[in-house]
> 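The structure is given below, and queries will be raised subsequently.
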2 protein chains.
Amino acid sequence: MPEKDDFDLQFFLPYLLNQAAEESSLAFQQVYKRRYGMLRTEWRVLFHLGIYGEMTAKQISQRARMHKTKISRAVQKLADRRLLTRVRDDRDRRSEILVLTPAGQGAYRELHQVACDYDAALTSGMSKAEVQTLRRLLVQLARRQI
Amino acid sequence: MPEKDDFDLQFFLPYLLNQAAEESSLAFQQVYKRRYGMLRTEWRVLFHLGIYGEMTAKQISQRARMHKTKISRAVQKLADRRLLTRVRDDRDRRSEILVLTPAGQGAYRELHQVACDYDAALTSGMSKAEVQTLRRLLVQLARRQI
DNA sequence: CCTTGTTAGTTACAAAAACAACTATTACCA
DNA sequence: TGGTAATAGTTGTTTTTGTAACTAACAAGG
């Protein structure tokens, strides 16, 4: 039997981050899944367009660090449900500009409100300073390339 | 086009946590994937056995919050590669006790060392206090049920 | 004992993700 | 120009995951 040592899996950052990420997105997932039939990639695309305005799939892919095939399929589904429209870019006819329809904007606004409330609930047991530190360090981890 | 507001997707905790989790496990993933041909579930099972000693699939499932089918498949693969053996529990012949083989213990020790170094590298840009706060809040998020 | 219900683990099938190959367009440069 | 390389996005195929149904073993009350 292996010797015990001071390493605790529960504190190993990649593991811990994953546990926290999964647990803390569960309830939010229920909302966009049950209520809008969306997948994670789909609400992410919706939010990118809702927050940053019109974008191409490529731009979303870069900002969200998601593979282009995931974006492509998410965009397809959102277009099927008439939540966005695609407009060929005349300056570069390979790419297309994605624009939320009024229905898409409505869905975004509702989910955005849910997200705000949800984030507030998640941080409700933390002090302002703690929340600030937490987000700063997470951004640092998200940007770092080891 | 939607109005801009003060909500930033990059700071929405479920999103941010996920980005941090993915980015910060990338390089570690390379190691267990390329060097041992393991999947995420597999190294988790390996680590549970390496750290906590002999366990049943059910116990790992509870501690790691992973579904029993994932565990079952990971155990199968690890057994195929002779990294663990399964022993029927005579007190309850439905369950089986999982035990690392010497090869499994060796794999664990190597990956454990990698993990330690990796965790140190991830936190190298943070103060002791920051790291402590980070882990504490992450544990809090991971345990919370909203 | 013998039903009824529960639990540990596996298997089968459906959903989703990862990866590679493809089309259409643009960019560059000889 | 025209030919090669690069880029935006899609499609097809293979892995991996999620979900439900299954087998085998236990538990407990009649």
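Each chain gets a letter, A, B and so on, in the order its sequence line appears, and its residues count up from 1. Basis for what follows: all heavy atoms, side chains included, without hydrogens, waters or symmetry-related copies. All figures in this text were calculated on a predicted structure; none of them were measured in a lab.
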> Which hydrophobic side chains are connected to B:V87, either touching it within the sub-4.5 Å cutoff or through other members that do?
B:I97, B:V99
> Could you check how far CD1 of B:I97 sits from P of C:dA8, rounded to whole Å?
14 Å
> Please examine the side chains of B:L134 and A:L141, heavy atoms only from C-beta on, and report whether any two atoms are closer than 4.5 Å.
yes
> When you list every nucleotide of DNA chain D with an atom under 4.0 Å from a heavy atom of chain B, which one comes first 5' to 3', and which comes last?
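The contact span of chain B on DNA chain D goes from D:dT16 to D:dC26.
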> Hey, can you tell me if B:H112 and B:Y108 have their rings parallel, tilted or perpendicular (30° and 60° cut-offs)?
tilted
> Under 3.5 Å, side chain of A:Y118 to main-chain N/O of A:S24, donor-acceptor pair present?
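A pair under 3.5 Å: yes.
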> Counting only heavy atoms and a strict 4.0 angstrom limit, can you tell me which residues of residues 78-91 of chain B come near DNA chain C?
B:R86
> Would you call B:E23 and A:R65 a salt bridge, taking side-chain N to carboxylate O under 4.0 Å as the test?
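Looking at B:E23 and A:R65, the cut-off is met.
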> Tell me, please, which residues at least two apart from B:Q140 pass side-chain hydrogen bond (donor to acceptor under 3.5 Å, both in side chains).
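Testing B:Q140 for side-chain hydrogen bond (donor to acceptor under 3.5 Å, both in side chains), a comparison that skips the adjacent residues, returns none.
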> Is B:S61 touching bases, backbone alone, or none of the nucleic acid, heavy atoms closer than 4.0 Å?
nothing
> If you assign B:Q76 and A:R94 each to the DNA chain C nucleotide with the nearest heavy atom, which residue ends up on the more 5' nucleotide?
B:Q76
> Can you name the residues that form a side-chain contact (heavy atoms from CB on, under 4.5 Å) with B:D117, not counting sequence neighbours?
B:Q113
> Hey, what do you get for OH (B:Y36) to CZ (B:R34), rounding to the nearest 0.5 Å?
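Going from the OH atom of B:Y36 to the CZ atom of B:R34 covers 15.0 Å.
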> From CE of B:M66 over to P of C:dG9, roughly how many Å is that when rounded to an integer?
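Going from CE in B:M66 over to P in C:dG9 covers 13 Å.
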> If we ignore angles and hydrogens, is there a donor and acceptor under 3.5 Å between the side chains of B:R86 and B:Q76?
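Distance-only check passes for B:R86 and B:Q76.
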> Quickly work out the B:D92 CG to C:dT7 C1' distance and round it to whole Å.
8 Å
> Please list, in numerical order, the residues of residues 33-45 of chain A that have a heavy atom closer than 4.0 Å to any atom of DNA chain D.
none
> Starting at the 5' end of DNA chain C, which residue's closest nucleotide do you reach first, B:I71 or A:T69?
B:I71
> Once you apply a heavy-atom cut-off of 4.0 Å, does B:E96 come out as touching a base, just sugar-phosphate, or nothing?
sugar-phosphate
> Can we call the ring centroids of B:F28 and A:F12 under 6.0 Å apart?
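Ring centres of A:F12 and B:F28 closer than 6.0 Å.
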> Mind checking A:K58 for me? I need base, sugar-phosphate or nothing, with any heavy atom below 4.0 Å counting as a touch.
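The residue A:K58 makes sugar-phosphate contact but no base contact.
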> Does OP1 or OP2 of C:dG9 have a side-chain N or O of B:S72 closer than 4.0 Å?
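For B:S72, the contact criterion (side-chain N or O under 4.0 Å from OP1 or OP2 of C:dG9) is not met.
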> Between B:H67 (NE2) and C:dA14 (C1'), how many Å, whole number?
15 Å
> Between A:K68 (NZ) and C:dA24 (C1'), how many Å, whole number?
12 Å
> In plain terms, say whether B:D119 and B:R135 are close enough for a salt bridge, that is, a side-chain N and a carboxylate O under 4.0 Å apart.
yes
